[in-house]
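Notes follow once the structure below has been shown.
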There are 2 protein chains.
Amino acid sequence: MTAPRWLDESEARLWRAYLVLVRDLRRAFDRQLERDAGLSGADYAVLVPLSEAADGVLRMRELGRSVDWDRSRLSHQVRRMEKRGLVAREDCAEDARGSMVRLTDAGRAAIEAAAPEHVETVRRYFIDQLSEDERAVLTDVFERLNQRLDSDGAV
Amino acid sequence: MTAPRWLDESEARLWRAYLVLVRDLRRAFDRQLERDAGLSGADYAVLVPLSEAADGVLRMRELGRSVDWDRSRLSHQVRRMEKRGLVAREDCAEDARGSMVRLTDAGRAAIEAAAPEHVETVRRYFIDQLSEDERAVLTDVFERLNQRLDSDGAV
DNA sequence: TCGGACTGGGTGATGCGTCAACATCACGAT
DNA sequence: ATCGTGATGTTGACGCATCACCCAGTCCGA
């Protein structure tokens, strides 16, 4: 049992800045989506792959792979979205276990209304605030950290 | 109505890496805290300022300033933590509206059990993965983005 | 001093996120 | 053919996060 290596001042500063950034960035995006299109971030995440799919239809399984959520979370989310008329569920012809999710007209209208403002917000609060060098560093760092989490089985 | 400036490939790659990192990092920390001390991230956030306060007692107001949450969120959280015996609520002598939160022995034991592993996890998946230059860039970028959110009233 | 505004805190409702448990179906080995 | 195993999807429960709203106490100026 060795003594923990506590964070020094500059390390703690970085860590706190990260925590605050994550929280406030998420809040800013959620608010913008809610305000401009009545969507949550989770709604948006589901609508994007659906809007890019042929005929706006995907199996739950494929949709789950696209958003990289577990089945439970996706099922709950789709149920809520179905209740609000953003998507519709249908049976799957090829596999009796399966379930298809179809983007409704209202769902397509919502994502199309939300997307331009959303990307503008991503630029305003993130991308456009960074220099080219900084973007390169951040991409490198983020992907490395993701790999670390992945190879460590921490996900 | 001008055309939205969609993200190009490298910009989208950075944005996706950020989203995945945030999600997986949060999951890794929550799991570690839950596993090693039976605490959630929200529990930990509340316990830290309490453990640093004189006598382990803070007014709700001060506690709220420390964690920077709104009153409702803090009230819900403290209620759940009180039910589990991590904190106790007392009346405030100076202000009849006030409410004091006291760290219990169980609460102190929990935070002391959790902290070393928590900081090790922060190092393992974040701080220790970065070079000195990268830490400097990230601190600078994160603080700039936070300022941008702040000055824009986006919080 | 009194009346209105503000502050401190709590509650209920609702959506998000996770875990455990369950039911159904597919599929390969025997 | 059937049995076991894994894949697919759903549900219930519970904690986190936010919003709208409420109540009580404090404060300050007319």
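Within every chain, numbering begins at 1; the chains are lettered A, B, ... in the order of the sequence lines, protein sequences first and strands thereafter. These figures come from a predicted structure and were not determined experimentally.
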Positions of residues 45-63 of chain A (non-hydrogen atom under 4.0 Å from DNA chain D), listed by number
A/Arg59, A/Met60, A/Arg61
Can you work out whether A/Arg26 or A/Ala96 has the more 5'-proximal nearest nucleotide on DNA chain C?
A/Arg26
OP1 or OP2 of D/dC16 less than 4.0 angstrom from a side-chain nitrogen or oxygen of B/Ser40, does that happen here?
yes
Between A/Phe29 and B/Trp15, how do the two ring planes meet: parallel, tilted or perpendicular, split at 30° and 60°?
perpendicular
For residues 31-87 of chain B, the ring pair (Phe, Tyr, Trp, His ring centres under 6.0 Å) pairs (sequence neighbours left out) are B/Tyr44-B/His118
Determine: side-chain N/O of A/Arg89 to OP1/OP2 of D/dT10, distance under 4.0 Å, yes or no.
yes
Hey, does the side chain of B/Arg80 come within less than 4.0 Å of D/dG15's phosphate (OP1/OP2), counting only N and O?
no
First of A/Asp43 and A/Asp95 reached from the 5' end of DNA chain C, by closest nucleotide:
A/Asp43
Classify the side chain of B/Ser72 versus the base of C/dT11 as yes if they form a donor-acceptor pair under 3.5 Å and no if they do not.
yes
Would you tell me if any nitrogen or oxygen in the side chain of B/Ser99 comes within less than 4.0 Å of OP1 or OP2 on C/dG10?
yes
Are OP1 or OP2 of D/dG9 and a side-chain N or O of A/Arg79 less than 4.0 angstrom apart?
no
Quick one: is C/dA26 close enough that its OP1 or OP2 comes under 4.0 Å of any side-chain N or O from A/Arg97?
no
By ring pair (Phe, Tyr, Trp, His ring centres under 6.0 Å) - contacts of B/Tyr125 (at least two apart)
none
For D/dT18, does either OP1 or OP2 sit under 4.0 Å from a side-chain N or O belonging to A/Arg27?
yes
State whether B/Gln77 places a side-chain N or O below 4.0 Å from either non-bridging phosphate oxygen (OP1 or OP2) of D/dC16.
yes
